[in-house]
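First comes the structure, then the notes that go with it.
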Amino acid sequence: MSEASKTTSKIEIRSLRKSFGSNEVLKNINLDVAKGGVVALIGPSGSGKSTLLRCINLLVVPDGGSVRVGDTRFAFGEGAKLPDVKTLAKFRATTGMVFQHFNLFPHMTTLQNVMEGPVTVRRMAKAEAEKLARAQLAKVGLAEKADQYPATLSGGQKQRVAIARALAMEPDVMLFDEATSALDPELVGEVLNVMQRLASEGMTMVIVTHEIAFAREVADRLIFMRDGVVVEEGPARQVIDNPQEATTRAFLSHFHRTGALPPANTAS
Amino acid sequence: MYQWDFGILWSYRWLFLNGLGVTVGFTVVIVVCGLLFGLLGAFGSLSRIRALRLTALAFIEAFRCTPILVQLIWFYYALPILAGVEMTPITASALALSLYGGSFYSEIIRGGIVSIDSGQSEAGAALGMTPIQAMRRIVLPQAIKRMIPALMNQSIIQFKNTSLVSVLAVPDLVYQSQVAAHDSYRPLETYTAVAVAYAAILIPLTIIVRRGEKRLAVSE
């Protein structure tokens, strides 16, 4: 880690553009996330927030602008060469991602799911990877589910395994793509609980979410997007409690903005 | 009323066994080679490189959309003239049947791969896997499970298709039974016995395939 990266932000996105066909999804987006910062991305569906998140680990390759995570920077657009698959893979190994639909590997046990990254990508010895994986599973409160297959788990448990799987790569940054949107309401709490703990441990996180109350509690910055642009940005509480823009106010009026987090029943 | 006399076939038993051995051996070769061609065809047709994709699609369609009997004759009579390579009937028919089967295997394998949710390879990529690693570790293990019944079915068809190699005088079960029929003047008994022999091998195999399909349905 260089001296410079301590003072500058962990994630820096400049003039990011992305179109799918004629549909311009991201229009000149700038974003900074401080080291250890937690940024929540909110906005109506189709606003481009998920695409923006996927541009951070380059699952979606931008058309223009630049993306920097830690010390690795990629520029896109005319004249810029697209990174090759090896470079991309190496870069993605430093960022963890959690998906809306979990995307656990159904042919592997929970333990094997969590070991997969360390073994295949980091070339870690099996025994060492297993130790690491068991520790990560314990951290999300699922140590006793190690030998079960994902199909036997509840949605909330699946998502906690997915978080453990991402953490096993010991990433610098965690990206959450609507991690609780596919869950039954009573299972949301246990996932948010794990995310909150992660944030308090100093993990740099970018969270696409519809859980406004959670964003208010856990995020230090909040970004409201609409139609591919950042409409409003600021400290999470300030934006949620006192939105300046009319569209932000209109969007937030659909949500309960305060209140306790849903109860979590993870005994870990 | 025709007087059946299957007893007469006993004296040809070594001929039949010999033919059966060639048929089974041939099947093994064309199933293995066909699967290899099938893998190449499937990965080719899924490639990001356009030229590779088009080549694979041309191969698949050329062999899927022409009759296997025509292919066999073409490989034995036409290819040597065009390419200047002499081929024994066995080589020519093994090649033709492998490519023919390969074109069907390709479609089965390609279908199995694309049936796996794209979120799976995305999750692999997000962990830092290269596309090849994600294919090998995540997509293929799941896809193969789904392909197995269809691959078994195609292999059964491959087994039956070996009967066509008799037109190139490859001494398989059908060819040998032709010899026996001409020699004994008992074609009815001979070809009935041959049909029974094919069925006796394939019926147990189809039962295994059906069981496999059921097991798969349960585990999904």
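Each chain gets a letter, A, B and so on, in the order the sequences are listed, and its residues count up from 1.
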If I take atom [atom1] from residue [X] and atom [atom2] from residue [Y], how far apart are they, to the nearest 0.5 angstrom?
X        : Y        : atom1 : atom2 : answer
B:Gln142 : A:Met108 : CD    : CE    : 8.0 Å
A:Glu116 : B:Ile138 : CD    : CD1   : 4.5 Å
B:Thr130 : A:Lys90  : OG1   : NZ    : 13.5 Å
A:Asn103 : B:Ser121 : CG    : OG    : 9.0 Å
A:Thr120 : B:Gln133 : OG1   : CD    : 6.5 Å

Please say whether more than 12 non-hydrogen atoms of neighbouring residues, nucleotides or ligands are located less than 6.0 Å from [atom1] in [X].
X        : atom1 : answer
A:Glu201 : CD    : yes
B:Ile132 : CD1   : no
B:Arg64  : CZ    : yes
B:Arg13  : CZ    : yes
B:Tyr175 : OH    : no

With a 4.5 angstrom heavy-atom cut-off, could you sort out which part of [X] is near chain B: side chain, backbone, both or neither?
X        : value
A:Phe99  : side chain
A:Arg122 : neither
A:Leu58  : neither

Heavy-atom closest pair, residues [X] and [Y]:
X        : Y        : answer
A:Arg54  : B:Glu122 : NH1-OE2, 2.7 Å
A:Leu59  : B:Ala125 : CD2-CB, 3.8 Å
A:Phe105 : B:Ala123 : CE2-CB, 3.8 Å

What residue, out of A:Leu88, A:Asn57, A:Leu104, has the most heavy-atom pairs lying under 4.5 Å from chain B?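 Option with the greatest count: A:Leu104.
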Measure distances from B:Gln120 to the heavy atoms of chain A and classify the residue's part below 4.5 Å as side chain, backbone, both or neither. both
